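Contents: one structure, followed by commentary.
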Amino acid sequence: MENFFKKSKAELLDLLGLSKKEIDESLLCPVEHNRFVVLDTETTGFDYDNDRILCIGAITLLNGVISIPEGFEMYISQEHFDKNSVQIHGILKDLVMNKPSELEVLQKFVAYLGDSIIIAHHTLFDITMINRALERNGLPILTNKTLDTAFLYKKTLIKSNLLVYKDHYTLDDLAAKFDISQKDRHTAMGDAYITAIAFLKIVKKLKEKKRKGEFLLKDLFYF
């Protein structure tokens with residue numbers, strides 16, 4: 001069991017894109033000095049091997065400002081389609097017909113992403129889906145550092161035996177907590193926007209919680 005937890009921690013650090021060298025050289029700067037790309041994927045389902053990405057939505061976050069004009073949203077033509085998932089994301093099969101190929105969208109997304117830090121809600125799912133797609137198309141997988149708003153939100157909570165905590169907080173939970181409109185919920189761009197606002201509010205709370213000293217990028221990665 002001890003080896004299991006050690007392995008899980010190592011895998012988490014790998015997902016975050018951290019190493020001992022990078023901890024010293026790249027995380028000791030103010031959060032605002034970094035370019036973040038907040039992303040979300042809409043998929044045919046949750047099976048990493050058999051399901052496919054229908055849409056990638058992403059928004060740039062720089063200097064604490066969400067840049068809508070610099071957003072990225074592309075639908076992908078896919079052979080695989082699951083009518084049951086339409087009830088969640090509302091993407092009908094006709095909507096992704098005659099759209100760009102998976103390879104074309106991935107190439108454009110990777111160019112848009114660059115070396116930015118990725119933010120998502122339940123990041124592991126989105127990154128794994130994208131990496132599986134990259135592998136299918138003979139492209140290198142993502143090595144960007146990543147942050148997960150589901151995890152970061154937990155860092156804002158006050159520790160008390162009087163409060164009941166959840167193991168997992170959904171994007172709906174964060175939207176309700178921070179009074180964020182859910183008008184475009186379950187669209188890739190809409191969820192990316194909600195996640196971006198939630199991230200900014202989380203950072204504000206963590207800054208207040210720290211109180212002393214400058215709030216650095218490392219304060220988001222370490223706990």
Side-chain angles (χ1 to χ4, degrees), residues 4 7-19 22 35-60 71-152 168 170-171 185-196 199 221:
F4 171 79
K7 181 178 180 181
S8 297
K9 183 177 181 180
E11 290 174 343
L12 175 60
L13 289 174
D14 184 59
L15 174 64
L16 296 176
L18 297 176
S19 67
E22 290 176 324
R35 179 179 185 258
F36 299 94
V37 167
V38 189
L39 68 82
D40 181 75
T41 60
E42 295 301 330
T43 66
T44 59
F46 302 104
D47 188 306
Y48 292 140
D49 295 318
N50 298 313
D51 283 305
R52 296 293 182 265
I53 300 171
L54 296 172
C55 183
I56 300 176
I59 296 174
T60 298
F72 178 98
E73 184 178 38
M74 291 191 73
Y75 289 88
I76 303 173
S77 177
Q78 296 287 8
E79 291 295 327
H80 177 73
F81 202 82
D82 186 345
K83 63 181 181 180
N84 293 321
S85 64
V86 174
Q87 300 176 29
I88 299 174
H89 52 61
I91 300 175
L92 301 175
K93 191 170 185 178
D94 290 347
L95 186 59
V96 293
M97 290 181 64
N98 302 317
K99 295 297 182 181
S101 68
E102 188 174 72
L103 175 60
E104 182 180 349
V105 173
L106 289 170
Q107 289 173 327
K108 291 184 177 180
F109 174 70
V110 169
Y112 169 82
L113 177 62
D115 61 356
S116 301
I117 298 172
I118 296 171
I119 300 171
H121 194 78
H122 296 143
T123 315
L124 180 62
F125 174 76
D126 296 289
I127 297 301
T128 303
M129 289 297 291
I130 291 173
N131 280 340
R132 291 293 177 90
L134 289 168
E135 289 176 327
R136 280 197 302 273
N137 287 275
L139 298 174
I141 64 172
L142 301 179
T143 58
N144 304 61
K145 294 182 181 65
T146 67
L147 290 166
D148 190 333
T149 48
F151 171 75
L152 288 175
H168 304 286
T170 66
L171 191 56
R185 182 77 170 94
H186 294 302
T187 66
M189 184 60 84
D191 285 358
Y193 183 66
I194 294 171
T195 303
F199 174 74
F221 283 96

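Computed from a predicted structure; not experimentally measured. Every heavy atom of this structure was used, including side-chain atoms; hydrogens, water molecules and symmetry mates were not.
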Item to complete: Evaluate side-chain contact (heavy atoms from CB on, under 4.5 Å) for His121 paired with Asp40, printing each intermediate quantity in order.
Response: CA-CA 8 Å; His121 194 78; Asp40 181 75; over 6 Å; no

Practice prompt. Please identify each residue that fulfils side chain to side chain donor-acceptor pair (under 3.5 Å) with Asp191, with sequence neighbours left out.
Written response: Arg185

Worksheet item: What heavy-atom pair brings Ala188 and Gly57 nearest, and what distance separates the two atoms?
Response: CB-N, 3.4 Å

Worksheet entry | Those residues that, when tested against Ala133, pass side chain to side chain contact (heavy atoms under 4.5 Å, CB included) (two or more places apart) | Ile53, Glu102, Leu106, Arg136

Worksheet, complete the sentence: Sorted by chain and residue number, the ring pair (Phe, Tyr, Trp, His ring centres under 6.0 Å) partners of Phe72 (sequence neighbours excluded) come out as Phe109, Tyr112

Discussion item. Which residues pass the side chain to side chain donor-acceptor pair (under 3.5 Å) test with Ser101, not counting sequence neighbours?
Written reply: none

Response to the item:
Output for pair (Met129 CE, Thr41 OG1), nearest 0.5 Å, gives 6.5 Å

Item to complete: Look up atom CG in Asp51 and atom OG1 in Thr43, then write down how far apart they are to the nearest 0.5 Å.
Response: 6.0 Å

Worksheet item: Which distance, rounded to the nearest 0.5 Å, do you find between the CE of Met189 and the CD1 of Ile56?
Response: 11.0 Å

Worksheet item: Taking only residues two or more places apart in sequence, or in another chain, which ones meet Ala120 in a side chain to side chain contact (heavy atoms under 4.5 Å, CB included)?
Response: Leu39, Thr123, Asp126

Discussion item. What's the separation between atom CD1 in Ile117 and atom CG in Asn144, rounded to the nearest 0.5 Å?
Written reply: 9.0 Å

Fill in: Heavy-atom check, side chain of Lys145 versus side chain of Leu147, under 4.5 Å
no

Practice prompt. Would you indicate whether the side-chain heavy atoms of Asp148 and Leu124 approach each other to under 4.5 Å?
Written response: no

Practice prompt. Please identify each residue that fulfils side chain to side chain contact (heavy atoms under 4.5 Å, CB included) with Asn131, with sequence neighbours left out.
Written response: Ile127, Leu134, Ile141, Leu142

Practice prompt. Please name all residues satisfying ring pair (Phe, Tyr, Trp, His ring centres under 6.0 Å) with Phe199, sequence neighbours left out, ordered by chain then number.
Written response: Phe36

Item to complete: Sequence neighbours left out, what pairs pass salt bridge (Lys or Arg N to Asp or Glu O under 4.0 Å) with at least one residue falling in residues 109-125?
Response: none

Worksheet entry | Pairwise distance CG(Asn137) to CD(Glu104) - rounded to 0.5 angstrom | 11.5 Å

Item to complete: Under the side chain to side chain donor-acceptor pair (under 3.5 Å) rule, collect the residues that match up with Glu73, sequence neighbours excluded.
Response: none

Worksheet item: Got a sec, which residues hit ring pair (Phe, Tyr, Trp, His ring centres under 6.0 Å) with Phe125, two or more places apart in sequence or on another chain?
Response: Phe46, Tyr48

Worksheet item: How far does OG1 of Thr146 sit from CD1 of Ile119, to the nearest 0.5 angstrom?
Response: 10.0 Å

Worksheet item: Considering residues at least two apart in sequence or located in another chain, which fulfil the side chain to side chain donor-acceptor pair (under 3.5 Å) criterion with Arg35?
Response: Thr60, Ser116

